[in-house]
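The structure appears right after this line, and notes come after that.
Note: hydrogens, waters and symmetry copies are ignored here, and every other heavy atom, side chains too, is used.
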Amino acid sequence: MTTTTSAPPETAGARATPAPRKRRFTEDQVPIGSVLLRIGGGVLLAVVFLIPYAVMFFGAFKSKAEIRSVDPTYFPVEWHPENFVTMWSTPETPLAQNLLSTVVISLGATVLVLLVALPAAYYTARVTFPMRLAFLFLVITTQMLQPAVLTAGIFREFTLVGLNDTWLSMILVNAAFNLSFATWIMHSFFSSIPKEIDEAAQLDGSGMWKTLFRINLPLVWPGIVTATIFTFVACWNEFAASLVLLTSAGNQPLSVALTKFVGQYETSWQYVFSVSVVSIVPVVILFMLIEKRLIGGLTAGAVK
């Protein structure tokens, strides 16, 4: 006779074991707490970095007396938007000419860097020549030299050739000190493109220049954008060489003109803030226009 054993019935006082709580996840399986922590950290960092710009922005709308008040305030008690109008006619410096000088020098140097760096980066990435690694090392080593260290020699050279106190002198200086960085960035992008693409184009009858501009440039466009924006910003903010080489008030860029409002006994802080706001607007607009391509260029090669 076969007997079957049944499970013992649960006692009245026994409690069922509760099921474990499920963790809440987002769509990409990241815990909610981790997401909130990252958001909080990002907001905190944004606030820390934006506070100086906020102080500069609100200071541009204050009067000189309010800025120098013993009991300062974060926000203007009386708003003075006319600071952005009167700063253009101050006796310290011709700001309109300074702005034009900054634009011409920055654009001219950026275009010159691209014209030289593009073929140089393509050649070093595609052609194996003697001392190639030494040449690339020399290119990146020149990035260590700053205009402030070489201003005396540069001033003497441009004085001898008659280019001192001209836009052309600063275009050449800015291009020279940003050429190595742009060449190195675009060299890495050209190196990431398979050489078989160039060989196929050459079999179809394309020369080196046609292969560069018709085949390779669309593929390395994020690198070109990255090199362009960094070169432009570096030229826009350059100060040391401009202070030495450009002696005329009208030829000096905004970075040098800004110092004219800081005197030995008195400083026009309302104009310092307003000019600073005006000087960063073009750069901010440029970043907003090419933000996606810039991020693509900076992260290219991180994920295969």
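In terms of the side-chain contact (heavy atoms from CB on, under 4.5 Å) criterion, residue partners of Glu82 (sequence neighbours excluded) are, by chain and number, His80. Contacts of Ser248 classified as side chain to side chain donor-acceptor pair (under 3.5 Å), with partners at least two apart in sequence or in another chain: Asp165. Under the side-chain contact (heavy atoms from CB on, under 4.5 Å) criterion, Ala176 pairs with no residue at all, not counting sequence neighbours. Residues passing the side-chain contact (heavy atoms from CB on, under 4.5 Å) test with Leu112, sequence neighbours excluded: Val116, Ile171, Leu172, Ala175.
Residues Phe239, Leu243 make up the rest of the hydrophobic cluster containing Val256, defined by ILVMFWY side-chain heavy atoms closer than 4.5 Å, directly or through other members.
In this structure, Val77 is not a member of the same hydrophobic cluster as Tyr74, with clusters built from ILVMFWY side-chain heavy atoms closer than 4.5 Å. Tracing side-chain contacts under 4.5 Å through hydrophobic residues (I, L, V, M, F, W, Y), one reaches Val281 starting from Val278; they form part of the same cluster. Val173 and Val161 fall within a single hydrophobic cluster, where Ile, Leu, Val, Met, Phe, Trp and Tyr are joined by side-chain heavy atoms under 4.5 Å apart, directly or via other members. Linking Ile, Leu, Val, Met, Phe, Trp and Tyr residues whenever their side-chain heavy atoms come within less than 4.5 Å places Phe273 and Tyr53 in a single cluster. No continuous path of ILVMFWY side-chain contacts below 4.5 Å connects Trp236 to Val111, so the two sit in separate hydrophobic clusters.
In this structure, NE2 on His187 lies 10.0 Å from OG on Ser192, to the nearest 0.5 angstrom. The distance from the CD atom of Gln252 to the CD1 atom of Ile105 is 10.0 Å, given to the nearest 0.5 Å. Taking CH2 from Trp221 and OG1 from Thr226, the interatomic distance works out to 11.0 Å, rounded to the nearest 0.5 Å. Atom OG of Ser63 and atom CZ of Arg68 lie 11.0 Å apart (nearest 0.5 Å). Taken to the nearest 0.5 Å, the CG atom of Leu50 stands 10.5 Å off from the CE atom of Met56. If you take CH2 on Trp269 and OG on Ser276, they are separated by 9.5 Å, rounding to the nearest 0.5 Å.
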Walk me through it: do Cys235 and Asn178 pass the test side-chain contact (heavy atoms from CB on, under 4.5 Å)? CA-CA 8 Å; Cys235 297; Asn178 290 281; 3.7 Å; yes
side-chain contact (heavy atoms from CB on, under 4.5 Å) for Gln97 and Thr102? Distances and angles first, verdict last. CA-CA 9 Å; Gln97 298 180 30; Thr102 307; over 6 Å; no
Go through the steps to decide whether Ile154 and Phe177 satisfy the test side-chain contact (heavy atoms from CB on, under 4.5 Å), and finish with yes or no. CA-CA 12 Å; Ile154 294 174; Phe177 282 99; 3.8 Å; yes
Go through Phe189 and Tyr122 one step at a time and tell me if the side-chain contact (heavy atoms from CB on, under 4.5 Å) criterion holds. CA-CA 9 Å; Phe189 277 87; Tyr122 178 71; over 6 Å; no
Between Asn98 and Thr93, is a side-chain hydrogen bond (donor to acceptor under 3.5 Å, both in side chains) present by the stated rule, with each step listed? CA-CA 8 Å; Asn98 299 139; Thr93 182; 2.7 Å; yes
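Within the 4.5 Å cutoff, the side chain of Pro76 has heavy atoms near those of the Glu66 side chain. In this structure, the side chains of Leu150 and Glu157 stay at 4.5 Å or more apart for every pair of heavy atoms. A 4.5 Å side-chain heavy-atom check between Ser169 and Asn164 finds every atom pair outside the cut-off. Proximity of Pro253 to Glu238: side-chain heavy atoms (C-beta onward) are nowhere separated by under 4.5 Å. Using a 4.5 Å heavy-atom cutoff, the side chains of Phe84 and Tyr271 are not in contact. With contacts defined as side-chain heavy-atom distances shorter than 4.5 Å, the pair Phe190/Thr124 does not qualify. Counting heavy atoms from C-beta on, the side chains of Leu254 and Ser101 never come closer than 4.5 Å. No side-chain heavy atom of Phe230 sits under 4.5 Å from any side-chain heavy atom of Thr110.
Within 6.0 Å of atom OH in Tyr123, 12 or fewer heavy atoms from other residues, nucleotides or ligands are found, so the atom counts as exposed in its surroundings. A 6.0 Å sphere centred on CH2 of Trp167 holds more than 12 heavy atoms belonging to other residues, nucleotides or ligands.
In terms of heavy-atom proximity, Ala249 sits nearest to Lys260 at CB-NZ, 4.3 Å. The two residues Met186 and Gly223 make their nearest non-hydrogen contact at CG-O, 4.1 Å. Taking both residues in full, the closest heavy atoms of Thr259 and Ser255 are given as CG2-O, 4.0 Å, listed atom of the first, atom of the second, then distance. What you find for Phe155 and Leu245 is that their closest heavy atoms are CA-CD2, 3.5 Å. Considering all non-hydrogen atoms of both residues, Leu95 and Met87 come closest at CD1-O, 3.0 Å.
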I'd like a table of donor-acceptor pairs (distance under 3.5 Å, sequence neighbours excluded) in which one partner is a side-chain atom from residues 212-219, with atom names and distances.
unit_1: Asn216; atom_1: ND2; unit_2: Asp198; atom_2: OD1; d: 3.2
unit_1: Asn216; atom_1: ND2; unit_2: Thr211; atom_2: O; d: 3.0

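Side-chain atoms of Thr231 never come within 3.5 Å of backbone atoms of Thr228 as a donor-acceptor pair (strictly under, hydrogens ignored).
A salt bridge is absent between Glu78 and Lys62: the closest approach of a Lys/Arg side-chain nitrogen to an acidic carboxylate oxygen does not fall below 4.0 angstrom.
Checked against Val35 for a side-chain contact (heavy atoms from CB on, under 4.5 Å), the options Ile39, Ile32, Leu37 give a single hit: Ile39.
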